[in-house]
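Input: a single structure, listed below in structure tokens.
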Number of protein chains: 2
Amino acid sequence: MAGARYRDIADDLARRIGEGEFAAGERLPTEEQLMAGYDNASRNTVREAVKILKSRGLVQTTQGRGTFVLEGTVPTTVTLVSLPLPSGGGDAARRFDARLEDHAFESTDPRVEIQRSSPGVAAALALPEGSRVVLRHQERFVDGRPWSLQTTYYPMEYVTRGADRLLDDEEIPEGVFAYLKETLGLEQVAHRDRVTARPPDANETAFFSLHDTGGVVIVHDRVGYDPGRTPIRCTCTVYPADRNQLDLVIGAVPPSPWAPGRAASR
Amino acid sequence: MAGARYRDIADDLARRIGEGEFAAGERLPTEEQLMAGYDNASRNTVREAVKILKSRGLVQTTQGRGTFVLEGTVPTTVTLVSLPLPSGGGDAARRFDARLEDHAFESTDPRVEIQRSSPGVAAALALPEGSRVVLRHQERFVDGRPWSLQTTYYPMEYVTRGADRLLDDEEIPEGVFAYLKETLGLEQVAHRDRVTARPPDANETAFFSLHDTGGVVIVHDRVGYDPGRTPIRCTCTVYPADRNQLDLVIGAVPPSPWAPGRAASR
DNA sequence: AATGATTTGTTCGTATGTATT
DNA sequence: AAATACATACGAACAAATCAT
């Protein structure tokens with residue numbers, strides 16, 4: 001027992017969970033029982049240990065019920081890129097939208113705002129910092145569960161050049177791609193994506209029903225370009241990491257090889 | 001105040017940090033001062049609040065020194081895929097290795113093991129579950145700092161077919177790609193990638209010097225295929241999310257548009 | 001180099017609130 | 001309504017790391 005007591009207890013419990021002593025979905029001993037089981041450690045010490053397990057996503061606690069070992073949920077797969085190499089690609093629509101397979105999804109009508117561009121958005125869209133951008137924000141659901149938050153930024157100039165439906169508080173039925181091509185002749189033929197992950201902020205914690213501590217979100221930023229390498233738009237999508245994975249396919253590959261669970265734990 | 005006291009304090013402190021009252025790198029008020037500032041809340045309550053800020057990656061605490069607002073570190077960019085579309089691709093080497101730009105990196109000599117394949121690895125490599133695989137594990141560093149953990153799995157069959165240097169406890173100078181092509185005629189022409197994120201386990205927490213609570217790792221799994229769609233190998237790389245981002249480039253795009261910081265916070 | 005003050009880390013005890021069974 | 005179990009909150013003591021003197 002090298003370190004702090006609560007950390008030792010956490011490690012021991014993690015080990016016992018890993019060894020199957022407490023199966024997925026099962027209830028852990030109560031705080032009272034853990035106190036007894038660990039040499040009459042105080043309740044606070046035991047609770048500190050359980051907090052670590054929560055922050056590692058191993059268990060979940062519910063007031064009045066107990067502490068439960070989380071079962072690995074089957075993540076939803078979002079395909080960022082799917083590129084059969086030889087020909088250079090199937091249809092463009094499949095190429096340039098992050099796709100969600102085998103799930104119906106709903107989303108709120110967009111909330112539309114006009115903002116002065118932040119440094120990040122300005123750089124992405126190659127606009128002067130502080131220039132106006134149109135922002136369309138949607139909350140998206142899968143099976144009624146909160147699934148992702150998406151914000152797309154367009155240069156305000158598009159609106160003044162005729163794409164005024166960008167300001168509508170409604171989905172554009174034919175899709176923004178088709179609409180921009182129709183009205184402005186813009187065509188997205190390339191994109192650059194950035195994927196990061198971080199703890200959620202307060203908004204995201206609330207929307208995705210994550211815990212105070214221990215949640216993780218994946219952030220996917222995409223900038224789309226026209227043939228002249230001019231940025232067209234910039235999209236930021238936030239996913240809760242516990243129920244999503246991102247997929248890339250480059251070249252000819254067989255159907256998904258991913259087995260449930262992780263490929264490797266260390 | 002609506003919720004729990006420690007949560008209210010955390011939200012208030014997060015707001016004050018966001019508004020610049022406490023700048024990046026600056027020290028937050030001591031626990032004693034926070035107690036006084038929040039209606040004589042108890043020390044434990046204040047500490048609970050600070051824990052939330054830690055788990056959100058907003059602050060870092062150091063025993064004996066204080067609590068400090070974290071400055072956004074410039075992340076290292078790993079390019080997973082870079083594909084100029086028109087031609088179908090530049091050179092293969094650039095296409096099929098996750099690249100790290102503008103940084104020299106070192107890695108330990110591989111630790112080599114022979115294991116029975118887990119369900120995940122078996123599925124990825126299209127082998128019967130429990131069949132033998134060779135596992136090469138490396139710890140990788142950038143600027144002397146721990147940067148990523150990588151494990152690559154090969155079917156044991158490769159060794160018996162002549163690629164016995166896979167078992168060497170050393171790097172293969174010409175690269176495993178070249179070696180496998182040379183000895184077995186294997187050529188990786190396609191790959192499927194999966195990106196997920198999760199809290200670190202105990203090993204990762206230690207190696208990357210993350211905190212008990214609040215750390216995030218990005219997991220990048222890649223399965224490489226030969227022209228016959230047969231899996232060749234499977235690689236699992238784990239990055240600490242606080243200092244890494246993954247990049248994808250599809251088509252002709254200008255040089256990196258990412259500005260420091262996030263494209264969008266909500 | 002040693003000391004003491006400051007500041008966060010760990011552990012315990014206790015009481016009360018709230019959701020579930 | 002009662003018992004169970006986790007959540008919140010306070011108080012206190014000592015440990016360990018850091019910093020100024």
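Throughout, a chain's letter reflects where its sequence line sits, starting with A, and its residues are numbered from 1.
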| field | Among dT8(D), dA16(D), dA9(D), the one nearest Ser42(B) by side-chain distance | value | dA9(D)
| said: Please confirm whether the shortest side-chain N or O distance from Tyr6(A) to OP1 or OP2 of dT11(C) is below 4.0 Å. | reply: no
| Atom pair distance, as rounded to whole Å: CD in Gln60(B) and P in dT7(C) | 18 Å
| task | Between dC6(D), dC10(D), dG9(C), spot the one nearest the side chain of Ala41(B), thanks. | result | dC10(D)
| said: Pairing check on dA1(D): which nucleotide meets the Watson-Crick or G-U wobble criteria with it, both distances under 3.5 Å? | reply: none
| field | Euclidean distance, atom CG of residue Asn44(B) to atom C1' of dT8(C) [Å, nearest integer] | value | 12 Å
| Residue met sooner reading DNA chain C from 5', once Asp39(A) and Glu31(B) are mapped to nucleotides | Glu31(B)
| query | For the pair made of CD in Glu48(B) and P in dT10(C), what is the distance, rounded to whole Å? | reply | 13 Å
| query | What about Phe207(A) and Phe141(A), are their ring centers closer than 6.0 Å? | reply | yes
| task | For the side chain of Thr45(A), starting at C-beta, report the closest nucleotide among dA9(D), dT11(C), dT8(C). | result | dT11(C)
| field | Proximal nucleotide (of dG9(C), dT18(C), dT7(C)) relative to the Gln63(A) side chain | value | dT18(C)
| task | Tell me whether the OP1 or OP2 atom of dG9(C) has a side-chain N or O from Thr61(B) closer than 4.0 Å. | result | yes
| field | dC6(D) OP1/OP2 closer than 4.0 Å to side-chain N/O of Thr67(A) | value | yes
| message | Would you compute the distance between atom CG of Asp109(B) and atom CD of Glu139(B) and round it to the nearest 0.5 angstrom? | response | 11.5 Å
| field | Spacing of Ile52(A) atom CD1 relative to dT11(C) atom C1', expressed in whole Å | value | 14 Å
| query | Strictly by modelled atom types, are Thr45(B) and Arg5(B) linked by a side-chain donor-acceptor pair under 3.5 Å? | reply | no
| query | Nearest of dC10(D), dT8(C), dG13(C) to any side-chain atom of Arg43(B)? | reply | dT8(C)
| said: Closest approach to the side chain of Arg27(B), judged atom by atom: which nucleotide of dT10(C), dT7(C), dC6(D) is it? | reply: dT7(C)
| Among Val133(A), Leu127(A), Asp221(A), which residue meets the side-chain contact (heavy atoms from CB on, under 4.5 Å) test with Val121(A)? | Val133(A)
| query | So, is Arg7(A) close to the dT10(C) phosphate, meaning a side-chain N or O under 4.0 Å from OP1 or OP2? | reply | yes
| request: Please check if any side-chain donor atom of Tyr38(B) sits under 3.5 Å from a side-chain acceptor atom of Asp12(B), or the reverse. | output: yes
| Separation of atom CD in Glu32(A) from atom C1' in dC12(C), rounded to whole Å | 15 Å
| message | Using whole Å, what does the distance between atom P of nucleotide dG17(C) and atom CZ of Arg47(A) come to? | response | 16 Å
| field | Arg65(B) CZ to dC19(D) P, straight-line distance once rounded to whole Å | value | 5 Å
| field | Nearest-angstrom distance from the residue atom CE of Met35(B) to C1' of dT7(C) | value | 13 Å
| said: Is there a salt bridge (Lys or Arg N to Asp or Glu O under 4.0 Å) between Lys51(B) and Glu48(A)? Walk through the geometry before answering. | reply: CA-CA 12 Å; Lys51(B) 276 183 196 170; Glu48(A) 285 301 315; 3.2 Å; yes
| Can a donor-acceptor pair under 3.5 Å be found between the side-chain atoms of Arg5(B) and the base atoms of dA7(D)? | no
